[in-house]
Each structure stands twice: as C-alpha cells, then as structure tokens.
A.B. asks: 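Before I ask anything, here is the structure I am working with.
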Amino acid sequence: MVFKRLLGSIGVGGPTVDTVLAPGAVLPGDHLAGEVRLKGGKAAFDIEYITLELVARVEAETSGGEHEGVVIFDRFNVGGGFRLGEGEERSVPFAVALPWETPVTEPYGQALGIVLGVRTELGVAGAKDKGDLDPLTVGPLPVQEAILEALGQLGFGFKSANVEYGRIGGTGQQLPFYQEIELTPAPQYAHVMRQVEVTFLANPGGMEVVLEADKPRGFFSSGHDALTRFTVSHTGVEGRDWTAEVDGWMHQLAADQGARIVPAPHGPGDAYGSNAHKDEHGHGHHGSGPGMGTAVAAGAAGLAVGVVGGMVAAEVVDEVGDFFEGDGDESETDEEV
C-alpha cells in the first residue's frame, strides 16, 4: 500500500513523496528493496537528504503501568544532494538490510498484530518532514518457522504476540526491544506451566531462543516464572527432528519444578538436564507439519471475527490506524532501558 502525503512543513505547492516497497514479506537480516518516488511542486526545491526509518509499535511496563509507543530501530540515508525541478518526477531506488532481530509480523501469511513500518523523511531547503509511512511485513526465518512448527506439533497453541521495550539479560540482544510469542501449553505440559513465551534473537551466525514459562503455584512452591535459553544455527534446518529437539527444551523448562512430564504424542525428546530460573539462562544446542501454522491461522481467523489474544478487532484496527497516522511517542535506539 502506498501512502501519499503532502510535505506540510514545506508549505502548499511543495514536493510530494511516495515510498513503494517491493511486494511480499522480507526476512530478518535480508534486504528490504523499494523506491522513493518524488514529484516536484510549484517551484524547484533542493533535496538535501532522503532517509528511511524503521519503526515499531512497542509496549513498555513501568511503575506507572503499561504504556505503548513508537520506537525507531534503524535509519538509512538512501539519497539526496540534488535539485528537484518544478513538477519533475524522480525515483530513488534503495535496498537496505533489516536488523536480524526484526520482529516477525506474518508467519504462514497470517498477521500476528505486530505493527512495523518504514517512514520516509525528506530534507528540503533546511526543513524536514516525515512525510510517508508504509507498513512493513516480515516473515520468519527457516529456523524460526521450524521451531514454531515443532511447537504446534507438540500441541502448543498460539495465544498472542507483542513487542516489549526492554532487554533480556545474558543474551546478545541488539535492539532495544524484543518480540514475545505467547503460547498456551500443550496438554502434556498444562499441569506444570500456564503459559509459554518464545523470543527469537537472531544474528548472522545463528539464533538464541529464549523460553519463559509461567509456573502455577504448587503445594510446596509459589507460582513463578522459569527462563531458559538455547542456541541454534541457520544451517542444517532441513532434516532435523525439531519436534524432539523442542520437546527436550520444554522438558528442561518444566523440570524447574521437578514435576513429572506426560509423554508427548510424537514421542519424548531429550532433556538437557539443567534447571533455569529468572535471569539465569541454561544453554542447549540446535533443532514440520501444520501444527503451529494451523494455530496461527486460527488466531488470525479469530481476529477477523472479533477477538484474538483478548483484543477485539476494532481496537486492533484503531491501534494500527493511529500508528500510521503518526500518533504515539517515539524513542531512539540509543536510549537506555
């Protein structure tokens, strides 16, 4: 979709800008291609720079409660230093690399409700205007898709997804936020965990998988969160038994409470043997079918009829609309968390 806006700070008769992204989803770490289309106004203007900003709608928890805002998580200068004549049309092509930790917005072609965008800023005659904002669609890396598929095969269900402003200690996280994919537990794990949150922190060499489980209160223990971390490679995704691999991760996560695990219908995986606690990360190693794809599709269908993850569809539409109208606070990536 193209959003055409008049550059208001330049005044009536100024140039207009359209940023058109290449069709289809882009993957984390891959190149986002497109072109910035300019059309001159009623006079000639000096185009000093053309900048693209990657922006994300994030949630932040503070002592005052939960808040939402917009974070700029990368910026690219893609052109400038030329004069745009009266009524002149000019296209500036670009190809920029997405950060490896860019959140996934559409696994299996189904929207998760994660809101990302590409905003174009044009510097003209000493003024600047964030004049064009386009939605950004990001698909999963092969290893991310394989892990989600394995979780679905084990019986975990998609609940919701969000982007949290903050950092996970003990990881190589680079961006000032991280994506959480919230899952309902598989039946064989339902007695030892109420909810599971999955975070992918990808990098050029591989990916960290952070798992957090909300543990119920027991006879001899209080409810708490268990956290563990595993590392996987981008290579060798095909041919691995990811279902057994991920089941082993879940055994380790559940073992924090020492509870017995009911064997999974696809067969038990190998546990890695170490407990994990909040802010203490265990380490593992690397890891398909329609399981999680079906769950995500069902979640998206729920959004279409009214509800997904407890949020009615109208509220989702309003939130996305507000975001692309430029509402909300903005934060730079160099802010401390």
Side-chain angles (χ1 to χ4, degrees), residues 25-33 51-62 67-78 94-107 112 114-119 121 135-148 161-182 197-212 227-235 237 249 276 278-287 323 328-337:
V26 63
L27 303 186
D30 206 349
H31 282 85
L32 172 68
T51 299
L52 302 180
E53 295 175 341
L54 304 183
V55 295
R57 170 77 74 177
V58 301
E59 299 176 3
E61 293 186 10
T62 67
H67 303 276
E68 289 187 342
V70 176
V71 172
I72 301 169
F73 64 96
D74 214 338
R75 182 183 283 111
F76 309 92
N77 191 326
V78 297
F94 63 83
V96 297
L98 288 188
W100 281 91
E101 293 177 13
T102 300
V104 174
T105 67
E106 288 193 9
L112 296 180
I114 301 298
V115 183
L116 304 179
V118 180
R119 184 162 54 196
E121 180 178 294
L136 174 61
T137 302
V138 180
L141 293 164
V143 67
Q144 293 171 335
E145 188 167 15
I147 292 171
L148 292 173
N162 57 70
V163 177
E164 293 282 343
Y165 189 68
R167 298 187 182 277
I168 302 175
T171 69
Q173 181 184 342
Q174 299 295 311
L175 295 181
F177 55 74
Y178 54 92
Q179 181 176 18
E180 287 182 338
I181 300 174
E182 299 179 0
E197 296 174 350
V198 181
T199 295
F200 298 129
L201 298 174
N203 58 69
M207 185 176 71
E208 294 175 277
V209 183
V210 180
L211 302 175
E212 183 175 2
L227 193 72
T228 189
R229 176 171 61 100
F230 301 88
T231 10
V232 297
S233 172
H234 294 301
T235 61
V237 174
W249 298 351
K278 195 72 174 180
D279 296 325
E280 295 180 10
H281 305 269
H283 295 270
H285 302 284
H286 316 273
F323 175 72
D329 298 328
E330 297 174 9
S331 302
E332 298 290 343
T333 56
D334 55 3
E335 287 188 20
E336 293 293 327
V337 178

A.B. asks: Hey, are the side chains of Val55 and Val71 touching, using non-hydrogen atoms and a 4.5 Å cut-off?
C.D. replies: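 When only atoms from C-beta onward are counted, Val71 and Val55 do not touch, as no gap falls below 4.5 Å.
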A.B. asks: Search all heavy atoms of Pro107 against all heavy atoms of Pro140 and return the closest pair with its distance.
C.D. replies: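 Result for this residue pair: CA-CD, 3.8 Å.
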A.B. asks: Nearest 0.5 angstrom please: Thr171 OG1 to Asn203 CG, how far?
C.D. replies: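 One finds 10.5 Å between OG1 of Thr171 and CG of Asn203.
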A.B. asks: What is the minimum heavy-atom distance between Ala25 and Gly139, and which atoms define it?
C.D. replies: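 Reported closest heavy-atom pair: CB-N, 3.8 Å.
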A.B. asks: Over all heavy atoms of both residues, which pair between Ala202 and Leu141 is shortest? Give the atoms and the distance, please.
C.D. replies: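 Shortest heavy-atom separation between Ala202 and Leu141 comes out as CB-CD1, 3.9 Å.
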A.B. asks: Decide yes or no for Val26 and Leu136: does some side-chain heavy atom of the first lie under 4.5 Å from some side-chain heavy atom of the second?
C.D. replies: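 Val26 reaches Leu136 side chain to side chain.
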A.B. asks: Minimum heavy-atom separation for Ala146 and Val237, please, with both atom names.
C.D. replies: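 Heavy atoms of Ala146 and Val237 come nearest at CB-CG1, 3.9 Å.
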A.B. asks: For the residue pair Pro103 and Leu116, what are the closest heavy atoms and their distance?
C.D. replies: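 Here Pro103 and Leu116 meet closest at O-CD1, 3.6 Å.
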A.B. asks: Going from CG on Asp74 to CD1 on Ile72, what distance comes out if it is rounded to the nearest 0.5 angstrom?
C.D. replies: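 The distance works out to 10.5 Å.
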A.B. asks: Nearest 0.5 Å, what's the CG-CD1 distance between Leu112 and Ile181?
C.D. replies: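 Going from the CG atom of Leu112 to the CD1 atom of Ile181 covers 6.0 Å.
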A.B. asks: Can you list every pair that meets side-chain hydrogen bond (donor to acceptor under 3.5 Å, both in side chains) and has a residue in residues 95-107, with sequence neighbours left out?
C.D. replies: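 Matches after skipping sequence neighbours: none remain.
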A.B. asks: Quick one: does Gln179's side chain get under 4.5 Å of Val104's, heavy atoms only?
C.D. replies: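 When only atoms from C-beta onward are counted, Val104 and Gln179 do touch, with a gap below 4.5 Å.
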A.B. asks: Report the residues that fulfil salt bridge (charged side-chain N to carboxylate O under 4.0 Å, His left out) with Glu145, sequence neighbours left out, ordered by chain and then residue number.
C.D. replies: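 Listed in chain order: nothing, the list is empty.
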A.B. asks: To the nearest 0.5 Å, what is the distance between CZ (Arg119) and CD (Glu53)?
C.D. replies: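 Nearest 0.5 Å value for the CZ-CD distance: 5.0 Å.
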A.B. asks: Counting C-beta onward and ignoring hydrogens, is there a side-chain heavy-atom pair between Val163 and Tyr178 closer than 4.5 Å?
C.D. replies: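 When only atoms from C-beta onward are counted, Tyr178 and Val163 do not touch, as no gap falls below 4.5 Å.
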A.B. asks: Quick one: pull up CD1 in Ile168 and CD in Glu208 and give me the separation to the nearest 0.5 Å.
C.D. replies: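 Here the interatomic distance stands at 8.5 Å.
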A.B. asks: Apply side-chain contact (heavy atoms from CB on, under 4.5 Å) to Asn162 and list each qualifying residue two or more places apart in sequence or on a separate chain.
C.D. replies: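 By the side-chain contact (heavy atoms from CB on, under 4.5 Å) rule, Asn162 matches Glu59, Glu164, Glu180, Glu182.
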A.B. asks: Considering the options Val138, Leu52, Val118, which one meets the side-chain contact (heavy atoms from CB on, under 4.5 Å) requirement together with Leu32?
C.D. replies: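 Of the listed residues Val138, Leu52, Val118, the side-chain contact (heavy atoms from CB on, under 4.5 Å) partner of Leu32 is Val118.
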A.B. asks: Classify the ring geometry between Phe177 and Phe73 as parallel (under 30°), tilted (30 to 60°) or perpendicular (over 60°).
C.D. replies: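 Taking Phe73 first and then Phe177, their aromatic rings stand perpendicular (interplane angle over 60°).
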A.B. asks: Going by heavy atoms in the side chains, are Leu98 and Leu54 under 4.5 Å from each other?
C.D. replies: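 Yes, close enough: below the 4.5 Å cut-off.
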A.B. asks: For the residue pair Tyr165 and Ala60, what are the closest heavy atoms and their distance?
C.D. replies: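 Closest heavy-atom pair between Tyr165 and Ala60: CB-CB, 3.9 Å.
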A.B. asks: Does the side chain of Thr228 come within less than 4.5 Å of Trp249's, by heavy atoms?
C.D. replies: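 Counting from C-beta outward, Trp249 and Thr228 never come under 4.5 Å.
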A.B. asks: Between Thr231 and Met207, is any pair of side-chain heavy atoms under 4.5 Å apart?
C.D. replies: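 Answer no - side chains too far apart.
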A.B. asks: Backbone N or O of Gly206 within a donor-acceptor pair of the His234 side chain at under 3.5 Å?
C.D. replies: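 Yes, His234 side chain to Gly206 backbone: donor-acceptor pair under 3.5 Å.
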A.B. asks: Does any non-hydrogen side-chain atom of Leu227 lie less than 4.5 Å from one of Val210?
C.D. replies: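 Yes, their side chains come closer than 4.5 Å.
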A.B. asks: Between Val209 and Phe200, is a side-chain contact (heavy atoms from CB on, under 4.5 Å) present by the stated rule, with each step listed?
C.D. replies: CA-CA 5 Å; Val209 183; Phe200 298 129; 4.1 Å; yes
